[in-house]
Amino acid sequence: EAQVTQNPRYLITVTGKKLTVTCSQNMNHEYMSWYRQDPGLGLRQIYYSMNVEVTDKGDVPEGYKVSRKEKRNFPLILESPSPNQTSLYFCASSLSLPGANTEAFFGQGTRLTVV
Amino acid sequence: GQQLNQSPQSMFIQEGEDVSMNCTSSSIFNTWLWYKQDPGEGPVLLIALYKAGELTSNGRLTAQFGITRKDSFLNISASIPSDVGIYFCAGLYVDSNYQLIWGAGTKLIIKP
């Protein structure tokens, strides 16, 4: 089954403790991205990747890192999480740039709480 | 950065009613997308619009790409309980980069 898989689904952590949220897709998609969703703000893009070893900042990259060593995986890294990074995070992938005649597929989300 | 204004923020409707929501911007977009998010899930694409003036249907859903390329609307006819969720518009903005800009969402709630 074609899918985008995020792990974990839920995570509670403490301020400053490094964490990684994994994202994997099995559709051989080139484009992957991370979003955070906050009430009243919709989806805001954190980072995106057009292909292996190619990553770029989105609208809200501060406090986050990503890597794209393989096509299928695009982990999101929070080196020193802070409470303002408490949010619902989504990973998405598409064959190429979403909107340009390609559909973006989303993972089920990771609800992160930083205390 | 570019912004999309999506309205209304939320809607309380009776089952069977028609629903209308829209997104507007001061910028021109190349593509408009409408997504639905069910509780606990990621957004799922409903309709994609690629040309100004384009009107596209998907079952009871109809969406249009505004002639000015600065707006889009989504209509849902004869709403049913499974229509509950959050609807997002997204616009593809092209300048020196490609940016997919998202609206803040419209939460649809059906009154019992």
Side-chain angles (χ1 to χ4, degrees), chain A residues 2-7 9-10 21 23-25 27 29-51 54-62 87-111, chain B residues 1-10 21-25 27-51 54 56 58 63 65 69 72 85-107:
Chain A
Q3 58 188 5
V4 178
T5 305
Q6 290 177 232
N7 278 297
R9 291 290 310 274
Y10 301 92
V21 184
C23 175
S24 179
Q25 50 92 5
M27 295 169 278
H29 283 171
E30 291 188 346
Y31 187 98
M32 296 185 75
S33 58
W34 276 101
Y35 292 89
R36 60 179 287 173
Q37 183 178 12
D38 301 291
L41 296 176
L43 289 157
R44 294 181 292 168
Q45 192 177 53
I46 303 170
Y47 267 94
Y48 65 94
S49 169
M50 301 284 277
N51 213 326
V54 180
T55 62
D56 258 308
K57 295 177 181 178
D59 296 320
V60 288
E62 293 78 21
S87 186
L88 178 59
Y89 291 86
F90 286 101
C91 177
S93 78
S94 56
L95 197 58
S96 63
L97 182 73
N101 285 307
T102 61
E103 177 180 350
F105 293 86
F106 284 80
Q108 289 191 293
T110 295
R111 186 165 290 283
Chain B
Q2 307 308 316
Q3 285 189 317
L4 287 183
N5 299 310
Q6 185 170 351
S7 65
Q9 209 170 21
S10 60
M21 59 191 79
N22 67 81
C23 279
T24 62
S25 176
S27 303
I28 290 174
F29 289 88
N30 292 63
T31 299
W32 284 96
L33 307 170
W34 284 94
Y35 281 82
K36 184 193 176 199
Q37 184 181 25
D38 290 322
E41 302 290 332
V44 174
L45 183 67
L46 298 173
I47 293 179
L49 303 158
Y50 301 108
K51 293 190 305 186
E54 182 179 352
T56 298
N58 178 5
F65 192 144
R69 295 170 62 194
S72 177
I86 304 177
Y87 292 80
F88 290 101
C89 63
L92 183 64
Y93 177 79
V94 179
D95 53 7
S96 56
N97 287 314
Y98 291 87
Q99 288 183 288
L100 193 61
I101 312 296
W102 292 78
T106 295
K107 189 171 187 177

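Lettering of chains follows the sequences in order, A, B, ..., and the numbering in each one begins at 1.
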Check whether Gln108(A) gets within reach of chain B through its side chain, its backbone, both or neither, counting any heavy atom under 4.5 Å.
both
If every non-hydrogen atom of Gln37(A) is compared with every non-hydrogen atom of Phe88(B), which pair is closest and at what distance?
NE2-CZ, 3.2 Å
Phe106(A)-Trp102(B) aromatic ring centre distance below 6.0 Å:
yes
Return the set of residues passing salt bridge (Lys or Arg N to Asp or Glu O under 4.0 Å) with Asp38(A) (not counting sequence neighbours), or none when no residue passes.
Arg36(A), Arg44(A)
Given that the side chain runs from C-beta out, which part of Gln6(B) has a heavy atom under 4.5 Å from chain A: side chain, backbone, both or neither?
neither
Sequence-distant partners of Arg111(A), side chain to side chain donor-acceptor pair (under 3.5 Å), two or more places apart
none
To check you understand the geometry: which heavy-atom pair defines the closest contact between Ala104(B) and Gly40(A), and what is its length?
CB-O, 3.5 Å
As an exercise: rank Gln9(B), Lys107(B), Gln37(B) by heavy-atom pairs under 4.5 Å with chain A and give me the winner.
Gln37(B)
Counting heavy-atom pairs closer than 4.5 Å to chain A, which one of Pro43(B), Gly91(B), Gly42(B), Ala48(B) comes out on top?
Pro43(B)
Interface moiety of Asp56(A) toward chain B, non-hydrogen atoms closer than 4.5 Å
neither
With a 4.5 angstrom heavy-atom cut-off, which part of Leu41(A) approaches chain B: side chain, backbone, both or neither?
backbone
Separation between CG of Leu100(B) and OH of Tyr35(A), rounded to the nearest 0.5 Å
4.5 Å
